[in-house]
Amino acid sequence: MAEGKILTINMGPHHPATHGVLRLVLELDGETIVKVTPHIGHLHRGIEKIAENMNYQQVIPLTDRFDYTAATLCNEGYCTAVEKLLGIEVPKRAQYIRVIMGELARIMGHHLWIGSHALDIGAMTVVFYTFRDREMIMNMTEEVSGYRLTPSYLRIGGIAQDITPQFIKDLRAFIKWFPTALEGYNTLLTDNIIWRKRTMGIGKISAKDAINYGLTGPSLRGSGVAYDIRKTMPYGCYKDFDFKVPVGDNGDVYDRYLVRMEEFTQSLNIIEQALENLPEGPVNVDNPLISNPDLGAVQEDISALIRRFKIQCQGPEVPSGEIYHSVEGSKGELGFYLVGDGSENPYRMKVRSPCFILVSALEKMMLGHMLADAISVIGSIDIVLGEIDR
Amino acid sequence: MTMDNAKVLEQLKGEFADAIVDDVDFRGDLTVVVSLEKLHDIMLYLHDDKALHYDLLSDVVGIDKMPREPRFEVAYVLHSMDDFRRLLVKVMVPIDVEVPTVTDIWNSANWSEREVYDLMGITFSDHPDMRRLLMWDDFDGHPLRKDFPLKGKDFDKKWDPSTIQVL
Amino acid sequence: MGDKDYVLNISDRRPEGKYITPILKGLAYTLKNFFTKPITIKYPTERREVSDRWRGLHRLKVDDQGKLNCVACGLCAKICPSQAITIVPYEDAGGTRYPKEFVIDELRCIFCGFCQEACPKDAIELTKVYDFVDYQREDFIFDIEKLKNPEKYIFAGK
């Protein structure tokens with residue numbers, strides 16, 4: 001190539017390292033990236049528009065399809081947002097089960113992240129071990145909810161069904177096993193010189209820039225800002241648990257890797273505490289306008305039958321008002337802006353997707369690096385296109 | 001120094017007394033409705049002021065309240081990384097009126113505003129790159145407007161191969 | 001920002017030096033796993049047992065006399081997020097309601113389980129059938145007869 005000429009290449013939408021259908025138009029000077037233009041929208045399904053035409057309960061399976069690697073967290077984000085609009089408090093047991101399932105989903109999301117991230121850079125082995133352990137969590141999710149990837153387990157005002165003894169048995173086995181597995185990932189990656197060369201000093205972003213570009217989650221914490229919604233604006237029962245928020249100093253790919261690796265441990269720690277202190281009691285809120293009456297009552301009692309018809313047809317009675325509620329998703333701040341107008345459908349539901357903002361900051365992180373480093377940067381922010389395009 | 005909703009509102013009202021149209025404290029979050037003319041000044045103040053210092057713009061939301069005038073609302077979700085406060089700033093926008101961009105204050109507004117433009121059809125003035133984001137470039141209409149049908153305008157139309165343009 | 005007690009700074013974990021030994025350790029870890037029992041199964045000759053709550057193909061339950069439990073109230077069709085259920089009710093001479101037609105488009109269905117949760121008569125349930133294949137799209141539109149016995153559609157392999 002002649003001196004000073006710019007080469008434009010297309011990366012994606014079918015490139016395996018873009019984790020879906022992200023298309024990047026990269027302009028290269030030699031092998032150095034000088035301009036990045038992300039093109040998104042290939043997976044746009046119009047979920048926000050569809051949600052406006054459904055009642056509040058029917059939206060729950062749609063939320064599974066945002067971040068399908070950690071679907072329960074999206075369920076949690078939506079359900080807690082509606083509960084905030086309703087102004088109700090979920091029973092303690094349901095909150096604890098939500099925390100357990102949510103943290104399992106976070107571990108599941110991080111499993112996919114580290115597996116595919118390492119695979120993209122060239123360390124193929126890790127993905128087999130992470131998927132082996134991801135399988136255990138999927139089996140547990142299946143045990144309680146009936147589905148593996150898109151569980152739709154949470155309901156407005158509680159959860160679908162109580163957990164089973166088999167689940168608790170499996171979970172204890174997982175808690176016992178997982179530190180060993182984590183040690184294995186560490187053995188394969190943390191000290192490995194090839195991994196370090198490919199990740200250290202790549203995709204640097206300072207704390208000030210990271211905040212200005214709207215980064216959240218592990219990507220922001222890697223730059224040194226301890227913004228974790230579970231700690232800073234606690235929702236549910238996260239106040240009850242003792243856990244740490246890992247932050248890095250350098251804001252490069254390696255620090256984001258370390259932060260997420262520590263989050264495995266912290267999530268496991270939360271699950272352990274939640275399982276030890278799991279309270280007894282109901283798992284659905286005791287409110288005739290919100291909770292679905294159980295089958296026994298419906299077949300005995302005419303008023304319960306009427307109530308079930310009303311709740312299933314119209315969903316819970318949600319007042320008019322506007323709220324913003326966010327939870328800590330596995331990729332960052334997953335926010336829901338809900339506008340209720342007193343009818344059975346959400347008037348407007350806007351999802352603040354963490355990956356959407358992360359992709360807009362890709363250019364900032366990639367400029368000046370080599371083409372091969374683009375893969376590390378994409379891997380390190382852990383994007384899921386289902387959440388970006390919605 | 002910790003700031004609560006009342007203090008934030010008090011300080012904001014002290015600075016921009018005539019620009020604060022309305023304020024709502026609903027479920028613990030403060031929403032401030034400001035006038036469109038003063039929006040950029042207020043946002044700049046919210047970002048730069050040492051005590052308020054809302055340095056993270058989480059989201060920009062477009063809302064269509066169709067029969068009402070002014071028709072649109074744009075809500076900004078702000079967070080402060082000092083003590084993790086939240087503030088919602090809202091502005092009423094009549095149809096075909098441009099909103100001043102805040103991309104020069106927060107870079108994260110870039111894509112969020114493009115998304116609002118794409119799906120809701122609200123244009124932001126002085127935005128560096130006001131193109132469609134999620135829909136394709138020659139798409140007709142703005143899908144999240146309330147008068148846009150759920151199934152799309154050309155849902156039943158047969159696809160015409162002669163419309164393909166070879167670049 | 002960094003003075004909060006819950007913050008854990010991990011940047012001191014960045015390793016320095018160490019070139020060959022970590023790679024050898026990694027190779028040893030892989031070699032050790034080479035001798036463990038495989039966790040994969042040979043589907044479809046081997047099949048794993050799914051949980052009791054599994055949400056697979058639908059079944060319309062029948063009572064002892066072979067009559068459907070369903071009274072065609074339409075609640076499942078109302079709650080279905082993907083509008084996969086179509087019901088045509090019918091009333092016999094005795095005034096009892098039955099579904100004349102009960103059609104589920106299994107290609108539209110997302111298996112969320114809301115129909116089972118909504119049903120006031122316990123008439124519809126999701127079975128453990130998770131793999132069903134056929135040749136035509138029309139074959140996935142299940143009517144009452146097909147829905148009575150979904151186990152017939154388990155993919156048995158060659």
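Naming: A, B, ... by sequence-line order, numbering from 1 per chain.
With a 4.5 angstrom heavy-atom cutoff, C:Cys80 touches chain A only via backbone atoms. In this structure, no portion of A:Val59 lies under 4.5 Å from any heavy atom of chain C. Heavy atoms of A:Arg132 lying under 4.5 Å from chain C belong to its backbone as well as its side chain. Looking at A:Asp255, the atoms closer than 4.5 Å to chain C (heavy atoms on both sides) sit in the backbone and in the side chain alike. With a 4.5 Å cut-off on non-hydrogen atoms, C:Leu75 touches chain A through its side chain but not through its backbone. Interface residue A:Asp252: only side-chain heavy atoms are found under 4.5 Å from chain C. Only the side chain of C:Ile39 comes within contact range of chain A, with at least one heavy atom under 4.5 Å from a heavy atom of that chain. Both the backbone and the side chain of A:Asp249 come within contact range of chain C, judged by heavy atoms closer than 4.5 Å. Heavy atoms closer than 4.5 Å to chain A are found in the backbone of C:Lys121, but not in its side chain.
At a threshold of 4.5 Å between non-hydrogen side-chain atoms, the residues C:Arg48 and A:Asn139 count as touching. A:Thr150 places none of its side-chain heavy atoms less than 4.5 Å from the side chain of C:Ile110. Residues A:Gln57 and C:Glu117 form a side-chain contact, since some pair of their non-hydrogen atoms from C-beta on lies under 4.5 Å apart. Side-chain contact between C:Val7 and A:Arg221 is absent, with no heavy atoms from C-beta onward closer than 4.5 Å.
For the set C:Asp52, C:Asn33, C:Val50, the count of heavy-atom pairs under 4.5 angstrom toward chain A peaks at C:Asn33. With respect to chain A, the highest number of heavy-atom pairs below 4.5 Å among C:Cys119, C:Gly26, C:Pro22, C:Ala118 belongs to C:Ala118. Of all the listed residues (C:Tyr19, C:Phe114, C:Tyr130), the one sharing the greatest number of non-hydrogen pairs under 4.5 Å with chain A is C:Phe114.
Annotation for A:Pro151 and C:Arg55: closest pair O-NH1, 3.1 Å, computed over non-hydrogen atoms. Between A:Ala226 and C:Tyr6, the shortest heavy-atom distance links the atoms O-OH, 4.1 Å. Heavy-atom minimum distance, A:Leu295 versus C:Pro120: CD1-O, 3.8 Å.
A donor-acceptor contact shorter than 3.5 Å is absent between the side chain of C:Arg53 and the backbone of A:Tyr147. One N or O on the side chain of C:Ser51 and one on the backbone of A:Glu142 form a donor-acceptor pair closer than 3.5 Å.
Aromatic ring pairs are classed by plane angle as parallel below 30°, tilted from 30° to 60° and perpendicular above 60°; the pair A:Tyr129 and C:Tyr29 is perpendicular.
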